[in-house]
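What follows is a short report on a single structure.
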2 protein chains.
Amino acid sequence: MDNLLTIQEMSRQTGLSSHTLRYYEKVGMLEGVARNAQGYRAYSEADVSWVQFLVVLRELNIPIREMKRYSDLRSQGPSTVHERRLMLEAHQSRVEEQMRKLSGSLEKIATKIEYYKGMEEVPISVPPN
Amino acid sequence: MDNLLTIQEMSRQTGLSSHTLRYYEKVGMLEGVARNAQGYRAYSEADVSWVQFLVVLRELNIPIREMKRYSDLRSQGPSTVHERRLMLEAHQSRVEEQMRKLSGSLEKIATKIEYYKGMEEVPISVPPN
DNA sequence: GCTTGCATTAGAGCGCGCTCTAAACTGTAA
DNA sequence: TTACAGTTTAGAGCGCGCTCTAATGCAAGC
């Protein structure tokens, strides 16, 4: 029921280093982590899923201060659910926009690659750059 | 035929600040920029399109040292076209992989948003985090 | 002659997200 | 008993990509 994890086990579960786990706690994104008799951190299953969610936010390039803001709202309980949803939707839009930009840039690169392929076949030509 | 640009005009054409333009030159990604009688930079049309290409690379989150490497190959002439193409293809793959990851993370966020919507309608529930 | 505006340089500074260090402590094994 | 492995903390350090500063110069307009 309460199989608690050491920081190393937590590191394995989340892919974050123990340094980073302590750092996330220090900046306030990870509150109420239990301690064992020796003062070592003892992470719960709830801690695991919360940190895994933080990792998703990080994968979306959401800045730490935004993750911290989200954490603070979460700590304030269910009354902040609406605001949390708005935050997630805002980030969703930003990432979608970012992906559109990436697609556009990828197309330009693809064009260049095709151009280079032509140059490799017929080595005399006028380069675009 | 040779309407050269001041650094400010170049800044407008590329979206990079004049500080950044000088920085790109300093790290070696922008060679052979002409100077006018007063020692001011005078950018050619070729410089413009090259920097615009660098901006595309930057939009793809390609590190400066890689852009520098690409610039060096370009300076060595057409014999490096094949290697340049391989670099671009490698970055292409990386960005595609990155976009797949973003898509996956976006889906998780979308799921969470739907969950929150349900919570906002019926305020008594068990939160996942 | 003086101010204004735009440019030059070398080099310092900054915000981000970690990442690492040093010193101290505890429990376990040899 | 002593070494080892794992943890703790505060705080320093780092790589990245700029971004800014200070001192200087030059050309044009008043």
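Naming: A, B, ... by sequence-line order, numbering from 1 per chain.
As rounded to whole Å, 17 Å separates atom P of C/dC16 from atom CG of A/L57. As a whole-Å value, the separation of B/M10 CE from C/dC6 C1' is 18 Å. Distance B/I7 CD1 to D/dC26 C1': 16 Å, rounded to the nearest Å. As a whole-Å value, the separation of B/Y23 OH from D/dC20 C1' is 14 Å. Across the protein-nucleic acid pair, A/N61 atom CG and D/dG17 atom P stand 14 Å apart, rounded to whole Å. For the pair A/K68 NZ and C/dC16 P, the computed distance is 15 Å after rounding to whole Å. As rounded to whole Å, 17 Å separates atom C1' of C/dC6 from atom CG of B/L4. Regarding A/L21, its CG atom lies at a distance of 15 Å from the C1' atom of D/dG6, rounded to whole Å.
Side-chain atoms of A/K26 lie closest to D/dG11 of the nucleotides D/dG11, D/dT8, C/dC18. For A/H19, the side-chain atoms get nearest to C/dT19 when compared with the rest of C/dT19, D/dT7, D/dC18. You'll find that the side chain of A/R22 is closest to D/dT7, out of D/dT7, D/dC18, C/dA7. The B/I64 side chain lies nearest to D/dC18 when the options are D/dT8, C/dT9, D/dC18. Of all nucleotides listed (C/dA7, D/dC26, C/dT19), D/dC26 comes nearest to the side chain of B/Q38. Distances from the side chain of B/Y40 to the nucleotides D/dT9, C/dT26, D/dG25 place D/dG25 closest. Nearest nucleotide to the B/R35 side chain, out of C/dT21, C/dT8, D/dT19: C/dT8. Counting only heavy atoms from C-beta on, B/Q8 has its side chain closest to C/dC6 among C/dT8, C/dC16, C/dC6.
Side chain of A/T80 to backbone of A/E83: no donor-acceptor contact under 3.5 angstrom is found. Between the side chain of B/D72 and the backbone N or O of B/R69, no donor-acceptor pair lies under 3.5 Å.
A donor-acceptor contact under 3.5 Å is not formed by the side chain of A/Y24 with the base of C/dG17.
By the 30° and 60° cut-offs, the orientation of the rings of A/F53 relative to A/Y70 is tilted.
Within a 6.0 Å sphere centred on CD of B/E96, other residues, nucleotides and ligands contribute more than 12 heavy atoms.
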Take A/V56 and B/K112, measure what side-chain contact (heavy atoms from CB on, under 4.5 Å) needs, and give me the verdict at the end. CA-CA 11 Å; A/V56 172; B/K112 186 107 179 182; over 6 Å; no
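Note on A/T6: only backbone sugar-phosphate atoms sit closer than 4.0 angstrom, heavy atoms only; bases stay farther off. Among the heavy atoms of the strands lying under 4.0 Å from B/R58 are primed sugar atoms or P, OP1, OP2 only; no base atom is included. At a threshold of 4.0 angstrom between heavy atoms, the contacts of A/R41 are confined to the sugar-phosphate backbone, with no base atom among them.
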